[in-house]
Every structure is written in C-alpha cells, then in structure tokens.
Amino acid sequence: MPIDDVIKEVVHMFEGAPNWGHPLTMENVLPNGNTAGIAASMLSQIFAPNIIEGEYGQNAHRAELETAGMIASLIGWNPTLAGGVFTYGGSGCWTYGVKYGLTHCKPESRWTGIRDDMKIVCSEQAHYSQQNSSDWMGVGMNNVVRIPCDKTTNGMDIEALDKKLKEFHDKKIPVALVVCTMGTTDASAFDDPAKVREIVDKYPNPEGFNDPLIYCDCVVGWSWITFKEYDFDANPLEFSADVLNIIKANAELYKGIRHADACGIDFHKVGWCPYVSSMFLYKDAEIFEKLLARGKDAYLQVRTPYNPMYYTLEVSRTVNGAMAAWATLKYFGLEGMQAVVGGIEEVKYVIYDLVSERSDMCVANAGDSGFITLIRVYPPNVNAKQMYTDELNDPNHRSDVIKYNRLNEAVGNKLYEWYRDAHRIDGVCTPYMSFSTGFRTTNYNTDEKDKDAVIFAIKSFPMTVFCTPDVMKHTLKSVAAARDEVLKEWGEI
Ligand SMILES: *Cc1c(COP(=O)(O)O)cnc(C)c1O
C-alpha cells in the first residue's frame with residue numbers, strides 16, 4: 001500500500017479511543033503523556049538507540065543511569081552505588097523483584113532451577129502481578145503468601161506479618177522476598193517499609209539460604225516521594241489544610257522505602273509519561289549486577305562500562321521509557337510534580353466531600369489517601385452510611401451486600417454505556433468512570449472464602465490537571481442520574 005494510505009488506516013485505528021487528558025476521563029490510572037515525555041519517547045523511536053550496552057546506546061544510555069540516580073537520591077540511597085533498569089511495566093518490576101529475591105536467597109538456583117519452596121510474602125492488597133511473576137519465574141503461585149491488611153488503612157497488618165515470618169523461621173522455611181505495597185489503584189493501600197524491615201531482620205533464613213530481600217511496589221504511588229523536602233510550614237504551593245496533612249503523611253511513609261533493597265516505579269502512571277516507562281531500581285548495583293551476571297558473548301564487544309546485557313531479562317531494550325522519564329523529571333522538576341500531584345489530590349477531596357454530604361451514597365475507601373474515591377451508591381431512600389457500616393460488619397446484611405453490589409455494577413455499566421453513547425446531562429457529556437468489583441471484603445470475610453461478601457463501588461480516578469471542582473460536581477450528578485435510570489429500568493422507582 002502507498003505510505004499515505006497506510007498512515008490513513010493507522011489513524012483510523014485510533015478513532016473512538018478515549019482522550020486520557022480529558023477532564024471527564026477518570027477511569028483508572030491512565031494519564032495523558034506530558035509533551036516533554038512524548039517528544040523524548042518519539043525521538044527514541046526515530047533514532048532507536050538500543051540500551052543493551054553503551055556502544056548501541058551511545059549517549060542515550062544516560063537517560064537510564066541518570067533517572068535511576070535521581071530517584072535513588074530522592075529515596076535516600078547513594079545514587080552512585082544504586083542502579084536501575086527500565087523494563088516492561090510494573091509487572092516487569094515485580095518480576096525483577098521476585099527474581100532478585102530468589103537468586104539472592106539461593107544463588108545456585110540460577111543453574112539448578114528453583115528446587116525449594118522459597119516464599120514470596122506480600123499483603124492481601126498486593127497487585128495481581130504477584131501471580132504473573134511467581135508463575136513465570138517458576139517458584140509457583142502457591143508460594144506467594146498473603147498477609148491480611150488493617151481494616152481501616154488497608155496497610156499490611158504488621159503483627160500478622162511478624163507471626164507468619166516467625167512461623168516460617170521456626171519451621172525452617174526460607175523466605176526469598178517480602179513485598180511492601182506502596183499504593184494501589186483501588187484502595188491506595190500503603191505498607192510501612194520501616195516496620196517491615198524491623199520484622200524481616202528478626203527472622204533470618206535457615207542454613208543454606210541467604211536472608212530475605214525487601215521489594216517496594218511503588219509503581220503507582222512513587223510520586224509522593226517528591227514531597228520529601230516540601231516546606232510544610234510555609235506551604236509555598238498553598239495546598240488546603242486537609243490535603244497538606246495527607247501529603248505529609250504519605251511523604252512520611254514514603255521515607256521508609258530507603259529500608260528496601262529494590263523498588264519499582266511506573267512513570268507511565270502518576271508520572272504522566274507515555275507507555276512503557278517503568279524502572280526496577282536497586283539500592284546496591286554491585287550486588288544485583290554481580291548476582292545476575294552472565295558470561296560474555298562473542299558478538300558483542302565491551303566498549304563502554306555500561307553493559308546491562310549481562311544482567312537484564314531483556315536483550316534488545318528501547319530507551320523510550322527511560323528517555324520519557326528523564327525528560328519528564330527535568331521538565332516538571334520537584335515543584336512541578338508536587339503541584340500536579342497535590343492539585344489532583346485537591347480535586348479528589350472535592351468529590352469526596354460532595355459524596356460525604358449526601359445520604360444516599362458514601363465514600364467506601366474513606367481512609368485512603370490516593371487520588372481514588374470509591375463511591376458506594378444506594379437507592380435514594382437508604383441511609384448510606386448506616387447501611388455501609390452494617391454491610392461491612394453484620395453477616396445478617398450479606399444479602400444487602402449482594403443486592404447493592406448488583407446496583408453499583410449496573411450503575412457502573414450505565415455510566416459506561418452513556419460514555420460510549422456520548423449521553424449528555426445539562427448539555428455536558430457524562431464522565432468515563434469505572435467500578436471496583438471487590439476492592440475489599442466485609443469484615444467477617446477477611447479470608448475471602450465467601451466470594452460474594454466483597455464490596456463493589458463506583459470509582460473516580462482523576463488523573464489530569466484539567467479536572468476541576470465543577471467537573472467533579474457534574475460527575476456526581478451523573479452518578480446519581482445513572483443510579484436513578486437503573487432503578488427506573490428495574491421498576492424500583
Ligand atoms: C499498575 C500496577 C502494577 C502493574 O504495573 P504495569 O505497569 O501495569 O505492568 C503493579 N503493581 C501496582 C501496585 C500497580 O498499581
């Protein structure tokens with residue numbers, strides 16, 4: 001085909017795609033790329049450096065090294081001793097984490113294969129990539145041990161972790177990796193790496209195994225770290241008092257990542273980079289790179305000191321993710337990142353407060369400090385806050401949980417239908433939202449044995465600076481209208 005026709009058809013394939021930068025798009029952690037990041041990423045496609053090694057990466061490899069250095073500095077690691085490799089997403093970071101833990105725990109497993117039931121410990125809120133990585137790395141999904149979470153904060157229950165690690169220690173069962181989840185896309189759960197470190201250090205592995213490593217899954221929450229040195233007293237960016245407290249708390253928790261051995265960062269989430277831009281960052285480059293080192297290959301000559309080909313999972317590696325991340329950090333700077341993250345947090349509390357004022361809806365994730373508001377919707381005559389408390393705590397209300405889950409799902413689907421149909425309310429299109437089918441269990445079902453006693457809710461996930469208080473008012477109005485429409489269709493009002 002002639003090139004013009006090919007391009008025309010390619011353009012055609014983007015028709016109907018959502019605009020992630022539109023203020024009414026609040027579906028998930030799907031950001032519009034910033035201009036610097038997109039330009040950097042596209043240039044990487046045109047000139048195509050290959051960061052397999054310095055000769056093919058040339059100067060472009062600085063993007064990977066320097067981004068790793070910048071983030072390591074923020075964490076409080078020595079940037080010249082730390083290292084980082086860009087990889088295929090937050091799931092790739094998890095996989096690198098699992099591999100690092102397994103190999104560190106039992107180095108000879110690189111040759112013999114995984115022959116021991118080494119445990120990967122994470123919280124119940126941990127991302128489902130724990131399945132991808134334990135499965136693909138061959139340690140097996142059954143070796144992932146999930147620790148219950150605190151019911152209000154969704155953070156890992158530290159006493160339960162202590163008990164579990166003690167049990168493994170007493171039974172001489174090796175633990176390869178303990179994962180701290182530092183932000184999630186549903187419940188915005190945060191674990192406390194400082195406390196996890198204390199416990200991990202109490203329980204060394206049995207003879208023949210090196211001690212467990214700690215990996216922090218920061219892929220979606222990492223940008224809170226940019227507030228590390230924010231002047232909370234002077235508050236130069238003029239955040240509201242409530243948001244300031246949240247930021248302060250998150251920044252404080254984030255200081256704990258320095259206790260980890262490695263962490264994962266997605267710049268294509270709360271970093272406004274185009275896909276894929278994810279970095280697996282390790283505190284000690286010498287340990288990681290030696291542990292994973294493979295021998296030289298005849299057709300690659302070592303002409304520079306930069307040779308990830310000897311320790312990365314991938315062989316050819318694009319620099320686009322590293323370049324986008326580097327350009328974004330330079331363009332935003334710390335203050336830019338603070339302004340964007342804090343600004344969206346302000347807008348989140350607009351919808352949060354609007355929901356809290358209503359009697360027919362409630363915020364289902366009240367304690368969470370990320371961008372997400374999970375709105376549990378009820379019929380107009382139901383006292384939402386009372387009902388939600390009963391649903392969470394009283395097994396006699398199990399049938400209500402199921403009934404209102406069905407309502408929330410239907411409202412979510414109605415909103416999706418309206419978004420697809422460009423339905424308008426007051427002349428303005430309705431938002432593109434999503435819903436969670438079980439971001440948490442009821443309090444009598446923490447072991448998840450009862451598949452139905454979980455909480456569904458409509459999800460508001462603003463991701464763009466163009467989202468304003470008026471957009472949030474319209475959003476909530478649309479949610480209520482979708483609820484009324486569903487009940488009307490069901491003949492219930
Ligand atoms: C999104 C996410 C992942 C997976 O990251 P991808 O970049 O989508 O591969 C892993 N962990 C957490 C907490 C996430 O939010």
Side-chain angles (χ1 to χ4, degrees), residues 20 26-31 33 37 41 67 71 84-101 120-137 141 144 146-147 149 153-156 177-193 196 214-225 250 253-254 257 260 262-281 313-314 317-318 320-322 324-325 328 341 344 365 368-372 374 434 436 438-440 459 461-463:
W20 302 137
M26 43 188 86
E27 214 275 353
N28 205 334
V29 59
L30 298 159
S41 176
T67 305
I71 301 293
V85 287
F86 275 76
T87 185
Y88 60 90
S91 152
C93 295
W94 238 103
T95 304
Y96 264 101
V98 168
K99 175 65 182 164
Y100 190 16
I120 312 291
V121 178
C122 60
S123 90
E124 270 173 1
Q125 288 283 349
H127 192 263
Y128 73 82
S129 336
Q130 40 96 359
Q131 295 178 355
N132 305 28
S133 22
S134 54
D135 180 9
W136 286 70
M137 282 297 109
M141 289 187 271
V144 175
R146 302 178 75 191
I147 306 294
C149 290
T153 65
N154 289 307
M156 196 192 290
L177 190 70
V178 179
V179 179
C180 296
T181 302
M182 299 296 291
T184 57
T185 49
D186 256 7
S188 190
F190 287 107
D191 299 336
D192 186 341
V196 170
I214 297 178
Y215 170 69
C216 280
D217 182 359
C218 311
V219 297
V220 74
W222 69 273
S223 3
W224 296 111
I225 204 174
N250 286 354
L253 262 183
Y254 252 87
I257 337 174
C263 66
I265 309 272
D266 272 0
F267 294 94
H268 63 229
K269 284 183 176 164
V270 189
W272 294 276
C273 279
Y275 293 118
V276 167
S277 182
S278 300
M279 179 175 64
F280 177 71
L281 186 69
L313 166 61
E314 301 93 332
R317 290 192 311 131
T318 169
N320 81 310
T328 301
V341 171
I344 295 176
N365 63 332
D368 296 346
S369 55
F371 293 170
I372 304 140
L374 292 169
S434 61
S436 172
F439 77 100
R440 60 163 296 167
K459 177 152 68 170
F461 202 145
M463 271 302 292

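Whatever order the structure lists ligands and atoms in, that order sets their numbers, starting from 1.
Under the 30°/60° scheme for interplanar angles, the aromatic rings of Phe371 and Trp272 are found to be tilted. Taking the six-membered ring where tryptophan is involved, the planes of Phe280 and Tyr96 are essentially parallel, since the angle between them stays under 30° and well short of 60°.
Under the 3.5 Å distance criterion, the side-chain polar atoms of Thr328 are left unmatched by any main-chain donor or acceptor of Cys273.
Near ligand 1, residues Gly89, Gly90, Ser91, His127, Ser129, Gly183, Thr185, Asp217, Val219, Val220, Asp266, His268, Lys269 come within 4.0 angstrom through at least one heavy atom.
To the nearest 0.5 angstrom, Tyr275 atom OH is 9.0 Å from Asp266 atom CG. For the atom pair Asn365 CG and Lys459 NZ, the distance stands at 10.0 Å (nearest 0.5 Å).
Checking each of Lys269, Met182, His127, His268 against Val219 for a side-chain contact (heavy atoms from CB on, under 4.5 Å) leaves exactly one that passes, namely Lys269.
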